[in-house]
**Student:** 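Dropping the structure in here first, questions after.
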Amino acid sequence: MIGLSFAGNPTKVYARQSSADGTPDATPTSTLSQPSAQFGAYPFQLGVASGDPLANSVILWTRLAPSPIDGGGMDPIPYDVSWELATDEGFGTIVQSGTTSADPNLSHSIHLEVTGLDPATEYFYRFMVGSEVSQVGRTKTAPAIGQAVPSVRFGYASCSNYEHGYFVGYRAMAEQNLDVILHLGDYIYEYGPDEYHVREPENFRLHTGAETLALRDYRNRFALYRTDPDLQLAHASAPWVVTWDDHEVENNYADLTSENNDSETDFALRRADAYQAYYEHMPLRPSSMPVDPDLTLYRKLNFGDLLEFQVLDSRQYRTDQPAGDGEYPRSPASIDPSTTLLGPDQERWLLQNLSASTATWNVMAQQILMAETYFPVTDGEAQGYYTDSWGGYPSARERILSHLLNNPIANPVILTGDIHTAWANDIKADWEDNASRTIATEYVTTSITAGGTEPSNFGEAYRDVFSYIKYFDGRHGGFTVAEVTAESWKNDFYNVDNMEDFASPVTLSATYITEAGNPGAQEG
């Protein structure tokens with residue numbers, strides 16, 4: 001398994017302890033707190049990562065943090081950090097190396113843009129500071145734009161709440177030897193200890209510190225998550241492409257409108273701090289570095305002639321939930337053409353990219369449910385919609401779907417997280433007429449842990465009423481893997497049997513197929 005081998009002193013990401021009878025203990029024990037003569041403790045306690053692979057470059061990430069959940073523990077000065085990139089895990093063939101700086105203004109994080117690489121090629125990387133050597137990471141460049149690609153195999157996940165269980169799903173993803181991993185948001189949760197309560201008498205493992213409100217809070221929270229051994233394994237196993245949802249800042253926020261209607265001035269400061277910490281802990285390109293309260297996250301990535309990903313940001317530019325935040329009937333503002341989820345610039349960018357694409361599959365990697373759903377009501381009552389999803393912004397959704405319907409865009413697929421359950425949906429031209437044309441396919445991945453072990457069965461009623469919902473599974477905990485060829489999209493849904501068991505089995509629960517030229521999900 002990539003991520004368990006190291007240069008220099010062989011420090012493992014985690015060790016399994018045995019009980020008196022010799023059986024493995026269910027609790028992982030970190031060995032990253034080994035002493036360091038220079039730093040007091042091992043400075044690479046947050047692991048390594050890579051991200052945003054292009055055909056000739058990739059981002060390599062780490063952060064120096066010998067005291068990770070207490071501000072980091074580094075002196076407020078720059079540190080020279082050496083790095084190596086090789087074509088083998090043992091670093092027998094080093095193809096590039098150099099020195100970069102860990103900047104205290106970025107919490108001693110590194111976002112190293114390595115260029116001049118070969119397309120569709122596997123590499124291994126590591127960092128060194130003083131006498132300390134980091135874990136080894138595996139990365140892979142994308143195929144060149146237009147390059148014929150027989151297949152791409154990638155994973156996607158969302159909603160990893162540290163308090164609700166072990167990150168077994170991340171560990172299982174690391175074992176898949178994927179080309180790339182997409183994270184669709186809610187990488188952290190902002191709540192104080194046990195505030196998002198799912199288990200009696202208290203949550204499984206608790207956040208340190210109160211609710212995140214300022215930069216140090218967010219840095220410590222990201223660091224807490226990054227100390228998780230399974231998350232480290234997943235990051236070290238493949239390059240990641242990330243986007244956020246709401247909990248990286250605050251539940252259900254919209255642009256500069258907070259959940260609790262704080263002043264825009266105060267919330268702009270909180271959002272800026274959250275965005276700063278997000279950038280510091282994600283393998284993002286320097287072009288995404290925050291500017292004042294903003295961070296440009298939406299971007300396009302190509303994998304040869306096969307896949308084009310439009311990575312979307314549905315939080316930073318959206319209109320405040322037009323009918324209220326929760327379950328409400330639609331209001332006149334819901335259908336106002338000026339109401340937006342993506343903002344005018346991002347929406348225009350998306351539609352132009354879709355029209356210009358020559359890829360076989362066109363993917364929108366985003367956060368929230370696209371398919372139409374509404375809550376059951378009694379006679380005479382107005383239908384209620386979950387207003388934090390695309391269903392709360394029907395005019396904005398209609399602009400996207402009309403573009404797909406009226407333009408020759410090959411094989412559109414929408415990837416979704418957020419809702420802590422797994423779905424496969426046919427996206428219809430007319431939601432009221434199931435015989436209408438299917439114009440795209442939506443695959444929704446369940447949460448890594450968020451929501452806990454109690455099943456969420458609400459979607460079963462939707463599945464029974466809306467025939468365009470082809471699959472629903474309310475078992476919490478898991479991830480999804482897609483294997484894509486020119487002929488088909490194979491979508492495998494994986495469930496963690498018990499996220500409160502560190503040694504839990506992981507089960508392939510269902511497979512759905514989308515055929516090229518025939519949008520919609522079919523049971524595999």
Side-chain angles (χ1 to χ4, degrees), residues 154-160 169 173 180-187 241-248 252 297-298 307 309-315 318 341-342 346-347 350 354 361-374 385-394 396-398 400-401 404 411-428 431 438-448 450-451 456 458-459 462-463 466 468-482 484 489 491-495 509-510 512 514 519-521:
F154 68 93
Y156 57 105
S158 73
C159 303
S160 47
M173 291 182 81
V180 66
I181 292 172
L182 277 62
H183 199 285
L184 302 179
D186 294 344
Y187 183 96
V241 174
V242 300
T243 187
W244 52 37
D245 193 15
D246 52 341
H247 291 288
E248 289 86 355
N252 285 4
L297 193 60
Y298 64 88
L307 282 166
F309 289 101
Q310 314 295 335
V311 183
L312 304 183
D313 173 0
S314 67
R315 282 290 158 193
R318 66 159 65 187
L341 252 175
L342 303 179
Q346 183 182 190
E347 185 176 306
L350 170 63
L354 290 171
W361 298 89
N362 287 281
V363 184
M364 286 172 274
Q366 55 95 55
Q367 299 77 24
I368 51 177
L369 190 69
M370 179 74 76
E372 181 78 295
T373 58
Y374 44 79
Y385 299 83
Y386 177 43
T387 59
D388 198 56
S389 71
W390 282 96
Y393 297 73
R397 179 178 60 187
E398 181 60 25
I400 306 298
L401 299 186
L404 297 179
N411 302 307
V413 176
I414 300 155
L415 301 183
T416 299
D418 177 61
I419 203 165
H420 306 176
T421 46
W423 310 54
N425 303 320
D426 293 354
I427 301 299
K428 306 298 289 186
W431 298 112
T438 298
I439 58 177
T441 313
E442 179 179 31
Y443 288 115
V444 183
T445 187
T446 189
S447 65
I448 288 288
S456 288
F458 70 96
Y462 291 158
R463 181 192 60 203
F466 304 115
Y468 47 78
I469 298 175
K470 301 301 181 181
Y471 172 73
F472 173 84
D473 189 338
R475 293 185 59 193
H476 284 301
F479 62 97
T480 310
V481 171
V484 185
W489 178 298
N491 211 75
D492 289 332
F493 293 98
Y494 287 91
N495 281 334
S509 60
Y512 276 75
T514 298

**Student:** Are Arg318 and Asp388 ion-paired here, with the side-chain N under 4.0 Å from a carboxylate O?
**Tutor:**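 So Arg318 pairs with Asp388 through a salt bridge.
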**Student:** Should Asp418 and Asp186 be marked as a side chain to side chain contact (heavy atoms under 4.5 Å, CB included) after you check the CA-CA gap, both sets of side-chain angles, and the distance that decides it?
**Tutor:** CA-CA 7 Å; Asp418 177 61; Asp186 294 344; 4.2 Å; yes
**Student:** Got a sec, which residues hit side-chain hydrogen bond (donor to acceptor under 3.5 Å, both in side chains) with Asp245, two or more places apart in sequence or on another chain?
**Tutor:**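 Here the qualifying residues are Arg315.
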**Student:** What distance separates Trp390 CH2 from Glu398 CD, expressed to the nearest 0.5 Å?
**Tutor:**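 If I round to the nearest 0.5 Å, the distance is 11.5 Å.
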**Student:** Excluding sequence neighbours, so at least two apart, what forms ring-ring contact (aromatic ring centres under 6.0 Å, His included) with Phe309?
**Tutor:**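 Checked Phe309 against ring-ring contact (aromatic ring centres under 6.0 Å, His included); matches are Phe154, Phe303.
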**Student:** Partners of His420 by ring-ring contact (aromatic ring centres under 6.0 Å, His included), sequence neighbours excluded?
**Tutor:**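 Applying ring-ring contact (aromatic ring centres under 6.0 Å, His included) to His420 gives none.
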**Student:** Does a side-chain heavy-atom distance below 4.5 Å link Tyr393 with Leu342?
**Tutor:**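 Of all side-chain heavy-atom pairs linking Leu342 with Tyr393, none is under 4.5 Å.
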**Student:** Would you please name every residue forming a side-chain hydrogen bond (donor to acceptor under 3.5 Å, both in side chains) with Thr416, sequence neighbours left out?
**Tutor:**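 Testing Thr416 for side-chain hydrogen bond (donor to acceptor under 3.5 Å, both in side chains), a comparison that skips the adjacent residues, returns Gln366, Glu442.
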**Student:** In Å and rounded to the nearest 0.5 Å, what is the CD1 to CE distance from Ile181 to Met173?
**Tutor:**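 If we round to the nearest 0.5 Å, Ile181:CD1 and Met173:CE are 4.5 Å apart.
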**Student:** Between Glu372 and Arg397, does at least one N-O distance fall below 4.0 Å, as a salt bridge requires?
**Tutor:**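 A salt bridge is present here (some side-chain N lies under 4.0 Å from a carboxylate O).
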**Student:** Report the C-alpha distance between Thr243 and Gln367 in whole Å, list the side-chain angles of each, state the deciding distance to 0.1 Å, and finish with yes or no for side-chain hydrogen bond (donor to acceptor under 3.5 Å, both in side chains).
**Tutor:** CA-CA 8 Å; Thr243 187; Gln367 299 77 24; 3.0 Å; yes
**Student:** Report the distance from atom SG of Cys159 to atom CD1 of Ile448, rounding to the nearest 0.5 Å.
**Tutor:**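 These two atoms lie 9.0 Å from each other.
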**Student:** What's the shortest heavy-atom distance between Asn491 and Tyr443, and which atoms?
**Tutor:**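 Heavy atoms only, the tightest pair is ND2-CD2, 3.4 Å.
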**Student:** Determine the minimum heavy-atom distance between Ala521 and Asp426, stating which atoms define it.
**Tutor:**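 Nearest heavy atoms, Ala521 then Asp426: N-OD1, 2.8 Å.
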**Student:** Of all heavy-atom pairs between Ala450 and His476, which one has the smallest distance, and what is that distance?
**Tutor:**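 So the two residues come closest at O-ND1, 3.6 Å.
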**Student:** If I compare all heavy atoms of Leu401 with all of Ile439, which pair ends up nearest, and what's the gap?
**Tutor:**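 Taking Leu401 first and Ile439 second, the nearest heavy atoms are O-CD1, 3.5 Å.
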**Student:** Going by ring-ring contact (aromatic ring centres under 6.0 Å, His included), name the residues that satisfy it together with Tyr468, two or more places apart in sequence or in a different chain.
**Tutor:**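 Listed in chain order: Trp431, Phe466.
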**Student:** From Thr438 OG1 over to Asn425 CG, what is the distance, rounded to the nearest 0.5 angstrom?
**Tutor:**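 Separation between the atoms: 11.0 Å.
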**Student:** Suppose we screen for side-chain contact (heavy atoms from CB on, under 4.5 Å). Which residues come up paired with Asn411, at least two apart in sequence or across chains?
**Tutor:**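 Scan of Asn411 (side-chain contact (heavy atoms from CB on, under 4.5 Å), adjacent residues dropped) gives Thr360, Trp361, Ala516.
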**Student:** Holding to side-chain contact (heavy atoms from CB on, under 4.5 Å), I want the full list of residues that pass it with Thr421, two or more places apart in sequence or in another chain.
**Tutor:**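 Thr421 satisfies side-chain contact (heavy atoms from CB on, under 4.5 Å) with Ile419, Trp423, Ser456, Phe458, Phe472 once adjacent residues are dropped.
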**Student:** Please name all residues satisfying ring-ring contact (aromatic ring centres under 6.0 Å, His included) with Phe479, sequence neighbours left out, ordered by chain then number.
**Tutor:**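 Checked Phe479 against ring-ring contact (aromatic ring centres under 6.0 Å, His included); matches are Tyr494.
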**Student:** side-chain hydrogen bond (donor to acceptor under 3.5 Å, both in side chains) with Thr441: which residues, sequence neighbours excluded?
**Tutor:**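 Per chain and number, Thr441 pairs via side-chain hydrogen bond (donor to acceptor under 3.5 Å, both in side chains) with no residue.
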**Student:** Evaluate the side-chain proximity of Leu404 to Met364: yes if any heavy-atom separation is below 4.5 Å, no if none is.
**Tutor:**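 Contact flag for Met364/Leu404 side chains = yes.
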**Student:** Could you tell me whether the side chain of Asp246 and the main chain of Asn252 form a donor-acceptor pair under 3.5 Å?
**Tutor:**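 Between the backbone of Asn252 and the side chain of Asp246 there is a qualifying donor-acceptor contact (under 3.5 Å).
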**Student:** Working to the nearest 0.5 angstrom, can you tell me the gap between Leu415 CG and Leu182 CG?
**Tutor:**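 Atom-to-atom, Leu415:CG and Leu182:CG are 6.5 Å apart.
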**Student:** Please tell me if the side chains of Val363 and Trp489 come closer than 4.5 Å, counting only heavy atoms from C-beta onward.
**Tutor:**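 In contact.
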**Student:** Report yes or no: does Gln346 contribute a side-chain atom to a donor-acceptor pair with the main-chain N or O of Tyr298 at less than 3.5 Å?
**Tutor:**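 No; zero donor-acceptor contacts below 3.5 Å.
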**Student:** I need the Asn495 CG to Asp473 CG distance, nearest 0.5 Å.
**Tutor:**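 Nearest 0.5 Å value for the CG-CG distance: 5.0 Å.
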**Student:** Ring pair (Phe, Tyr, Trp, His ring centres under 6.0 Å) for Phe493 and Tyr471? Distances and angles first, verdict last.
**Tutor:** CA-CA 10 Å; Phe493 293 98; Tyr471 172 73; 4.8 Å; yes
**Student:** Which atoms form the tightest heavy-atom contact between Gly391 and Pro394, and what is the distance?
**Tutor:**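 Scanning both residues completely, I find the closest heavy atoms to be O-CD, 3.7 Å.
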**Student:** For Asp492, which residues count as a salt bridge (charged side-chain N to carboxylate O under 4.0 Å, His left out) partner, sequence neighbours excluded?
**Tutor:**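 Only Lys490 meet the salt bridge (charged side-chain N to carboxylate O under 4.0 Å, His left out) criterion with Asp492.
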**Student:** Mind listing the closest non-hydrogen atom pair of Ile414 and Ala440 along with its distance?
**Tutor:**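 Heavy atoms only, the tightest pair is CD1-CB, 4.4 Å.
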**Student:** Side chain to side chain contact (heavy atoms under 4.5 Å, CB included) between Thr373 and Ile469: does it pass, once the steps are laid out?
**Tutor:** CA-CA 10 Å; Thr373 58; Ile469 298 175; 4.2 Å; yes
**Student:** Who passes side-chain hydrogen bond (donor to acceptor under 3.5 Å, both in side chains) against Tyr187, sequence neighbours left out?
**Tutor:**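 Residues passing side-chain hydrogen bond (donor to acceptor under 3.5 Å, both in side chains) with Tyr187: Arg226, His235.
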**Student:** Return the set of residues passing salt bridge (charged side-chain N to carboxylate O under 4.0 Å, His left out) with Glu347 (not counting sequence neighbours), or none when no residue passes.
**Tutor:**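 Here the qualifying residues are Arg399.
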**Student:** Take Val241 and Val180 through the test side chain to side chain contact (heavy atoms under 4.5 Å, CB included) and record every step on the way to the result.
**Tutor:** CA-CA 7 Å; Val241 174; Val180 66; 3.9 Å; yes
**Student:** Begin with the C-alpha distance, continue with both residues' side-chain angles, and end with the deciding distance and a verdict on side chain to side chain contact (heavy atoms under 4.5 Å, CB included) for Ile368 and Leu341.
**Tutor:** CA-CA 10 Å; Ile368 51 177; Leu341 252 175; 3.7 Å; yes
